[in-house]
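Bear in mind that the values here come from a model prediction, so they are computed numbers and not experimental data. Whatever order the structure lists them in is the order used to number ligands and atoms, beginning at 1.
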Amino acid sequence: MRKTIAVIKGDGIGPEIVNEALKVLEKAAVKYGHHFAYQPVLAGGCAIDETGQPLPKETIEACLASDSVLLGAVGGPKWDHLGGDVRPEKALLGIRHALGLYANIRPSKLFGALANACPLKDEIIGNGLDLVIVRELIGGAYFGKKEIIEKNENGEKAAYDTMIYSESEIERIARVAFDMAGKRRKKVTSVDKANVLESSRLWREVLHHVAKDYPDIEYSDMLVDNTAMQLVRNPGQFDVIVTENMFGDILSDEASMITGSIGMIPSSSLGDGSRGMYEPIHGSAPDIAGQNKANPIATILSAAMMLKYSFDLSEESEAIENAVNEVLDLGYRTGDIMSEGCKLVSCSEMGNLIAERI
Ligand code: IPM
Ligand code: MG
């Protein structure tokens with residue numbers, strides 16, 4: 001199989017972790033006889049430094065011309081003083097929007113070898129933790145009308161963002177969640193704030209409508225504040241959580257942390273076609289950038305997700321996941337997941353160890 005992959009290394013630890021993912025991807029390509037062409041493109045802070053804008057036109061064009069996008073991380077303190085439209089984060093939002101990637105899939109799973117990294121008590125975790133957050137990614141307050149009003153009626157500065165959703169935007173993400181639950185433990189929890197927000201009341205109405213098409217899936221609604229609490233009280237109750245953009249942003253950080261290893265969690269952003277964008281859910285970690293210390297596993301697992309979801313290469317994808325599990329079982333750890341009796345390795349050593357086992 002021949003595929004073109006747009007590669008955005010980005011900022012901070014982005015280049016280091018993406019290099020390891022490419023190493024592993026290339027090993028899988030050679031072993032299984034595929035040809036992947038990697039097209040490096042600029043986005044984020046490094047793009048601001050070189051071109052003055054976070055998402056150059058050539059980057060969007062290259063992403064649209066590729067079969068998938070692999071991204072490290074963007075942003076850092078160097079660009080924090082910049083205004084909304086020229087921040088590195090704008091690059092992420094722009095690619096999501098330009099590629100129509102409305103469904104962000106964020107799994108939270110406890111890795112057997114890392115069970116002791118989980119910050120929750122054993123009795124809370126019970127029989128493990130394996131949930132997926134399906135986050136709507138190109139609607140809501142992120143993309144609704146927003147404005148800074150220099151002087152409002154009281155003569156003060158004010159600002160607003162609009163959380164707006166249409167029925168069709170809600171319906172398509174709902175279907176992603178129900179379809180996914182069908183392949184898992186058949187349970188969907190839809191998260192909203194329907195006791196306060198109109199957009200949430202519409203969300204709930206559409207979800208109930210879609211649920212009727214999936215009679216074998218257990219469906220329930222949950223308010224977002226309660227969900228935040230339930231995630232630490234009894235995370236085992238969740239299978240698939242579906243929610244709007246900003247609630248999903250917040251809850252997915254919380255859900256990743258209860259696995260104890262945010263450095264391990266991949267994500268995919270998908271639209272209607274097979275092209276997706278794949279990235280670790282952690283950020284650019286500027287404090288450890290350039291020190292060959294970062295954990296590349298979330299990015300390596302993101303590449304594995306790409307093989308499965310965009311290229312339909314399940315066997316190759318599993319080969320990468322198995323290699324990761326083997327290396328963890330052997331006790332190799334980067335600093336963020338290090339524990340007593342384990343062997344500390346660098347970012348590139350971790351990449352080598354995983355690649356060797358493909
Ligand atoms: C994420 C990030 C982004 C988001 C930021 C960097 C724009 O937090 O992917 O979760 O809010 O979507
Ligand atoms: Mg986030």
Side-chain angles (χ1 to χ4, degrees), residues 8-14 17-18 42-48 53-55 59-60 63 69-108 131-144 146 161-165 169 173 176 191 224 227-228 231 241-259 261-271 276-287 289 294 298-299 301-302 305-306:
I8 302 174
K9 293 188 179 178
D11 308 314
I13 58 171
I17 55 182
V18 169
L42 280 181
C46 56
I48 297 176
Q53 3 160 352
L55 185 58
T59 298
I60 300 198
C63 291
V69 182
L70 181 67
L71 180 134
V74 297
K78 184 173 172 197
W79 305 282
D80 271 349
H81 65 283
L82 296 170
D85 274 345
V86 285
R87 291 180 66 89
E89 290 80 2
K90 195 76 188 171
L92 268 186
L93 302 180
I95 297 172
R96 289 171 181 172
H97 191 258
L99 271 57
L101 306 175
Y102 59 84
N104 184 216
I105 316 293
R106 300 191 161 182
S108 276
L131 62 88
V132 179
I133 295 183
V134 175
R135 166 189 176 194
E136 199 293 324
L137 202 58
I138 52 176
Y142 277 62
F143 290 92
K146 53 186 76 215
D161 301 273
T162 318
M163 188 186 278
I164 181 166
Y165 273 104
E169 286 174 317
I173 189 74
V176 170
V191 173
V224 62
T227 310
L231 273 172
I241 291 177
V242 59
T243 191
E244 70 88 37
N245 203 346
M246 189 158 55
F247 297 162
D249 178 43
I250 299 167
L251 293 177
S252 61
D253 265 29
E254 184 188 3
S256 70
M257 190 57 218
I258 60 182
T259 68
S261 35
I262 187 165
M264 304 281 300
I265 303 185
S267 76
S268 57
S269 302
L270 305 166
M277 177 156 74
Y278 297 82
E279 57 182 308
I281 80 154
H282 61 71
S284 61
D287 53 320
T299 317
L301 291 174
S302 299
M305 263 184 141
M306 173 188 292

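Of the protein's non-hydrogen atoms, Arg106 NH2, 3.3 Å is the one closest to atom 1 (C) of ligand 1. Scanning the protein heavy atoms around atom 8 (O) of ligand 1, the nearest turns out to be Asp249 OD1, 3.3 Å.
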- request: With side-chain contact (heavy atoms from CB on, under 4.5 Å) as the test, would you mind laying out the steps for Asp249 and Arg135 before giving the verdict?
  value: CA-CA 7 Å; Asp249 178 43; Arg135 166 189 176 194; 3.5 Å; yes

*Take Leu92 and Lys90, measure what side-chain contact (heavy atoms from CB on, under 4.5 Å) needs, and give me the verdict at the end.*
CA-CA 5 Å; Leu92 268 186; Lys90 195 76 188 171; over 6 Å; no

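With ligand atoms numbered from 1 in the order given, ligand 1 contributes 4 (C), 11 (O), 12 (O) to contacts under 4.0 Å with heavy atoms of Tyr142. Counting atoms of ligand 1 from 1 in the listed order, those under 4.0 Å from a heavy atom of Arg135 are 1 (C), 4 (C), 9 (O), 10 (O), 11 (O), 12 (O).
Ligand 1 has no atom lying under 4.0 Å from any heavy atom of Arg87. Heavy-atom distances between His282 and ligand 1 stay at or above 4.0 Å for every pair.
Atom CG of Leu82 has more than 12 neighbouring heavy atoms from other residues, nucleotides or ligands inside a 6.0 Å radius.
For Asp249, the nearest N, O or S atom to the Mg ion (ligand 2) falls under 2.8 Å.
Of the options Arg96, Glu279, Glu89, the smallest heavy-atom separation from atom 3 (C) of ligand 1 is shown by Arg96.
Side-chain contact of Ser269 with Asn104: a donor-acceptor pair under 3.5 Å is present, judged by distance alone.
Ionic pairing of Asp11 and Lys78 is not present here: no N-O contact between side-chain nitrogen and carboxylate oxygen is shorter than 4.0 angstrom.
Judged by distance alone, the side chain of Asn245 and the main-chain N or O of Leu137 form a donor-acceptor pair under 3.5 Å.
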